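Shown next, in structure tokens, is the structure this report addresses.
Labels below follow one simple rule: chain letters A, B, ... track the order of the sequence lines, proteins then strands, and each chain is numbered from 1. Here the structure is a predicted model, which is why all the values come from computation and not from measurement.
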Amino acid sequence: MNYWLMKSEPEECSVDDVLAMPNATVPWFGVRNYLARNFMRDQMRLQDGVLFYHSSCALPGVVGLAEVASTPYPDATQFDAGSKYFDPKASLEAPRWQLVDVRVTRKTRTLSLAELRAHADLTEMILLRRGNRLSITPITPPEWNTILGLLAESST
DNA sequence: GCCAACGTTGGC
DNA sequence: GCCAACGTTGGC
């Protein structure tokens with residue numbers, strides 16, 4: 001069992017948007033960074049724990065719990081000339097971008113980026129490293145447990 | 001809008 | 001294969 005943090009821009013796909021989908025499940029489309037892709041393609045397993053994170057918004061932070069809900073498969077948007085995620089170098093025969101489905105299991109309070117930064121046990125989180133831009137990052141079991149504990153508290 | 005960080009591109 | 005220029009991410 002592995003744990004992950006996955007960023008989504010709520011203007012494009014919020015946790016509420018996913019909850020409104022069938023089975024509260026969404027294909028994690030649009031990743032165009034090789035390291036993030038490789039996490040999905042090579043390391044994610046069914047039912048891995050996922051922190052659903054809202055980025056590029058007024059209050060960035062963890063907003064829900066989710067799980068990996070499929071094995072990897074090609075991201076359809078890479079083949080769609082009308083999509084902003086279209087990749088002319090990808091083909092059906094040689095897809096370049098793989099994704100997994102993510103199922104939201106629970107919406108939580110917003111555990112803000114500022115609150116994450118303020119916690120002594122989370123200073124090593126990849127998300128919090130200076131200059132980090134990765135949209136998918138691994139979370140250690142202690143970090144996962146700490147964050148679940150924070151989510152169980154009322155907002156501070 | 002600014003800017004730090006870093007990935008990608010393309011000339012050589 | 002190097003590396004400068006450029007583009008993107010994402011918080012502030």
Handout entry: Contact list for residues 67-83 of chain A, test salt bridge (charged side-chain N to carboxylate O under 4.0 Å, His left out), sequence neighbours left out
Key =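 Every pair satisfying salt bridge (charged side-chain N to carboxylate O under 4.0 Å, His left out) with a residue in residues 67-83 of chain A: Arg32(A)-Asp75(A), Glu67(A)-Arg103(A).
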Practice task
Any salt bridge (charged side-chain N to carboxylate O under 4.0 Å, His left out) involving residues 47-62 of chain A? Give me the pairs, sequence neighbours left out, ordered by first then second residue.
Solution key: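 For residues 47-62 of chain A, and leaving out neighbouring residues, there are no salt bridge (charged side-chain N to carboxylate O under 4.0 Å, His left out) pairs at all.
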Problem - 5' to 3' contact window, DNA chain B with chain A (heavy-atom distance under 4.0 Å) - result: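 Boundary nucleotides touching chain A, in 5' to 3' order, are dA4(B) to dT8(B).
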Exercise for the section: Assess whether side-chain contact (heavy atoms from CB on, under 4.5 Å) is satisfied between Val62(A) and Thr110(A), documenting all intermediate values. Expected result: CA-CA 6 Å; Val62(A) 175; Thr110(A) 298; over 6 Å; no
Exercise for the section: Identify whether any heavy atom of Leu113(A) sits under 4.0 Å from a base atom; if not, whether one sits that close to sugar-phosphate; answer base, sugar-phosphate or nothing. Expected result: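 Sugar-phosphate only.
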Practice task
Apply side-chain hydrogen bond (donor to acceptor under 3.5 Å, both in side chains) to Ser70(A) and list each qualifying residue two or more places apart in sequence or on a separate chain.
Solution key: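 Checked Ser70(A) against side-chain hydrogen bond (donor to acceptor under 3.5 Å, both in side chains); zero matches.
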Problem - side-chain hydrogen bond (donor to acceptor under 3.5 Å, both in side chains) against Gln43(A), all qualifying residues, sequence neighbours excluded - result: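 So Gln43(A) forms no side-chain hydrogen bond (donor to acceptor under 3.5 Å, both in side chains) with any residue.
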Problem - side-chain contact (heavy atoms from CB on, under 4.5 Å), paired with Met40(A), selected from Trp28(A), Trp97(A), Tyr73(A) - result: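 The single option meeting the side-chain contact (heavy atoms from CB on, under 4.5 Å) with Met40(A) is Trp28(A).
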Practice task
Could you identify which residues of residues 53-61 of chain A place a heavy atom less than 4.0 Å from some atom of DNA chain C, listed by residue number, or say none?
Solution key: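 Heavy-atom cutoff 4.0 Å gives Tyr53(A), Ser55(A), Ser56(A), Pro60(A).
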Exercise for the section: Mind listing the residues from residues 116-123 of chain A sitting with a heavy atom below 4.0 Å of DNA chain C? Number order is fine. Expected result: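 Those residues are Arg117(A).
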Practice task
Output the residues of residues 130-140 of chain A in contact with DNA chain B, where contact means a heavy atom of the residue under 4.0 Å from an atom of the strand; sort by number or write none.
Solution key: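 Nucleic-acid contacts, sorted: Arg130(A), Gly131(A), Arg133(A).
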Practice task
Keeping to residues at least two apart or across chains, list the side chain to side chain donor-acceptor pair (under 3.5 Å) pairs with something in residues 122-135 of chain A.
Solution key: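 Counting only pairs at least two positions apart or across chains, no side chain to side chain donor-acceptor pair (under 3.5 Å) contact touches residues 122-135 of chain A.
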Problem - Distance-only polar pair, side chains of Tyr34(A) and Arg96(A), donor-acceptor under 3.5 Å - result: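 Present: a donor and an acceptor within the cut-off.
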Handout entry: Smallest separation among heavy atoms of Ala36(A) and Ile136(A), with atom names
Key =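 So the two residues come closest at O-CD1, 3.9 Å.
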Practice task
Quick one: list whatever passes side chain to side chain contact (heavy atoms under 4.5 Å, CB included) with Pro138(A), sequence neighbours left out.
Solution key: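 Testing Pro138(A) for side chain to side chain contact (heavy atoms under 4.5 Å, CB included), a comparison that skips the adjacent residues, returns Trp4(A), Phe39(A), Ile126(A).
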Exercise for the section: Name all residues meeting the salt bridge (charged side-chain N to carboxylate O under 4.0 Å, His left out) criterion together with Lys107(A); count only those two or more places apart in sequence or in a different chain, and write none if there are none. Expected result: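 Once residues adjacent in sequence are excluded, the partners of Lys107(A) under the salt bridge (charged side-chain N to carboxylate O under 4.0 Å, His left out) criterion are Asp16(A).
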Practice task
Only counting residues at least two apart or in another chain, list the ones meeting ring-ring contact (aromatic ring centres under 6.0 Å, His included) with Tyr53(A).
Solution key: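 ring-ring contact (aromatic ring centres under 6.0 Å, His included) list for Tyr53(A), sorted by chain: empty.
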